[in-house]
Amino acid sequence: MAHPDLTDLRALVPPAAARAFADGDDRLTATLLQRARDAQPPGTLAWAVLERLLGLAFIHVQREVEGTFALERADAILDRTCPPGGLGRPDLDWLAPPDAPDGERGAGYV
């Protein structure tokens, strides 16, 4: 089985969640990511990508415990699904607004 390319999975991120994150609306960001995650079958790569982004968003707003648990759940699935060291992990750059120019994607999101 070929391993998926995580960059193709960026399409899972709801554009409204990326805009909410850029606008500093943490509650809306979390809600939209949770809804997108819950639309995926649990334990799948798509679910893990969205769970990881949710965890990073929680950590970004100092909800470290919730964020850390989300990362642990997601990374366990990513470790089983993706080759070690091959694809990296989704990060907060994935929450850059979809209309941001390439040079600005991820700027200020860490």
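Just so you know, these numbers use all the heavy atoms, side chains as well, and skip hydrogens, waters and symmetry mates.
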Identify each donor-acceptor pair in which a side-chain atom of residues 64-73 lies under 3.5 Å from a protein atom, sequence neighbours left out, and give them as a table.
| residue | atom | partner | partner atom | Å |
| --- | --- | --- | --- | --- |
| E66 | OE1 | R63 | NE | 2.6 |
| E66 | OE1 | R63 | NH2 | 3.1 |
| E66 | OE2 | R63 | NH2 | 2.7 |
| T68 | OG1 | E64 | O | 2.7 |
| R73 | NE | E51 | OE2 | 2.7 |
| R73 | NH2 | E51 | OE2 | 2.6 |

Would you call [X] and [Y] a side-chain contact if the rule is heavy atoms closer than 4.5 Å?
X	Y	answer
L12	W94	no
P90	L78	yes
L45	I77	no
L95	L33	yes

### Query
What residue pairs, at least two apart or across chains, pass side chain to side chain donor-acceptor pair (under 3.5 Å) with a residue in residues 20-35?
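Listed once each, the pairs would be none.
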### Query
Same cluster or not: are L56 and L9 linked, directly or through other Ile, Leu, Val, Met, Phe, Trp or Tyr residues, by side-chain heavy atoms under 4.5 angstrom apart?
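Yes, same cluster.
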### Query
Do V49 and I59 belong together in a cluster built from hydrophobic side chains that touch within less than 4.5 Å?
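Yes, same cluster.
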### Task
To the nearest 0.5 Å, tell me how far T44 OG1 sits from L50 CG.
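The distance works out to 8.5 Å.
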### Interatomic spacing from CG in L53 to CZ in F21 - rounded to 0.5 Å
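The CG atom of L53 sits 9.5 Å away from the CZ atom of F21.
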Tell me the closest heavy-atom pair linking [X] and [Y], and the distance in Å.
X	Y	value
A30	F58	CB-CE2, 3.9 Å
A18	A96	CB-O, 3.5 Å
L92	A57	CD2-N, 4.1 Å

